[in-house]
Amino acid sequence: MQIATWNVNSLSVRLPQVLDWLASNPVDALGLQELKLVEERFPFAALEAAGYHAVVHGQKTYNGVAWLTRSPVLEVVRNIPGLADEQARTIAATLDTPQGPVRLINGYFVNGQAPGTDKFAYKMRWLSALHAWVAAELACHQRLVLLGDFNIAPQDRDSHDPEGLRGSIHHTVEERGQFQALLDLDLHDAFRLFEQPERSFSWWDYRMLGFQKNRGLRIDHILVSAALRHTVTACTIDRTPRKKPQPSDHAPVVVTLG
DNA sequence: ATGGTTGTGCAACAA
């Protein structure tokens, strides 16, 4: 079984690339972020023709998340329960598999702009609420995957310039502490379960030839619960779509479970 | 060096 995450930075623009990628990478579930469209504009028909069901938490212009799955899902939850949030940032669903149900949580985590700003304060509140929610979800779903655009580079090796960017957004002690708090729920960073090339990143700024110079960050993550950890056989970042014309600034990340 | 690029939507904001 394969599960993937991809921040597409506008599904309207990126739909052809998503269809193209799914044709070559027929994953069982794909969590999308930054749809930038409302559910009424979601391309259900094109994705159904490609063999995918979709559940959507849309928003006009900003944010927006969805799950694409080969088989229908159950128990869909939009946003973090109990958190008053006008921004469409999470969608959870349960996927039945031959090995049993898997709880899938997809998040477009708050960017946070810069430490000391209102947006950073919102990021930290949001991360606290997410942590409490994921803890509750784990209590009833042993087999759980939390993935998405975390907007956090967990360690220095996840940044192209850890010294120059120390303490700046994606790199702060506070953000990294929240990432560690998620790991402390006995979640595991699937990418780091394996040997990986140095300077492996999942996002590159459109500006300053960021991708060509591999000046990126690893901020898109797939965390798996303890019950799933030993079934994971691979986790990779697919840079192929980033090389194509009019790409998303993020690359898809794929986890393979036995 | 406060630059540079992309998306939404048509000015300015978010990333």
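In what follows, every chain begins at residue 1, and chains take the letters A, B, ... in the order their sequences are listed. Nothing here was measured: the structure is a model prediction, and the numbers come from that model.
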Check: Asn111(A) main-chain N/O paired with Lys123(A) side-chain donor or acceptor under 3.5 Å: yes

Is it the case that the side chains of Asp161(A) and Ser159(A) hold a donor-acceptor pair, with the cut-off being a distance below 3.5 Å and no angle test? no

Take the angle between the ring planes of Phe211(A) and Trp204(A) and call it parallel below 30°, perpendicular above 60°, tilted in between. perpendicular

is_close_aromatic(His170(A), Phe150(A)), centroid dist under 6.0 Å: no

Scan Phe211(A) against the nucleic acid and name what it touches under 4.0 Å (heavy atoms): base, sugar-phosphate only, or nothing. nothing

Quantified in whole Å, what is the C1' atom distance between nucleotide dA1(B) and nucleotide dG7(B)? 26 Å

Please check if any side-chain donor atom of Thr97(A) sits under 3.5 Å from a side-chain acceptor atom of Arg143(A), or the reverse. yes

Considering only atom C1', compute the distance from dG4(B) to dA14(B) and round it to an integer number of Å. 15 Å

Picking from Val18(A), Leu68(A), Thr69(A), what satisfies side chain to side chain contact (heavy atoms under 4.5 Å, CB included) with Tyr52(A)? Leu68(A)

Just by protein heavy atoms under 4.0 Å, how would nucleotides 2-11 of chain B read 5' to 3' in B, S and -? --BBSSSS--

When you compare dA15(B) with dT2(B), how far apart are their C1' atoms, in angstrom units rounded to a whole number? 16 Å

Using Watson-Crick or G-U wobble pairs with both distances under 3.5 Å, give me DNA chain B in dot-bracket, 5' to 3', with [ ] for crossers and | for pairs to another strand. ....((((...))))

If I compare all heavy atoms of Asn7(A) with all of Gln33(A), which pair ends up nearest, and what's the gap? N-OE1, 3.2 Å

Specify the separation, in whole Å, of atom CD1 of Ile169(A) and atom C1' of dA15(B). 11 Å

Would you measure the distance from the P atom in dT5(B) across to the matching atom in dG9(B) and give it in whole Å? 22 Å

In whole angstroms, how far is the C1' atom of dA12(B) from the CD atom of Gln113(A)? 14 Å

Considering the options Trp133(A), Tyr108(A), Phe109(A), Phe120(A), which one meets the ring-ring contact (aromatic ring centres under 6.0 Å, His included) requirement together with Trp126(A)? Phe109(A)

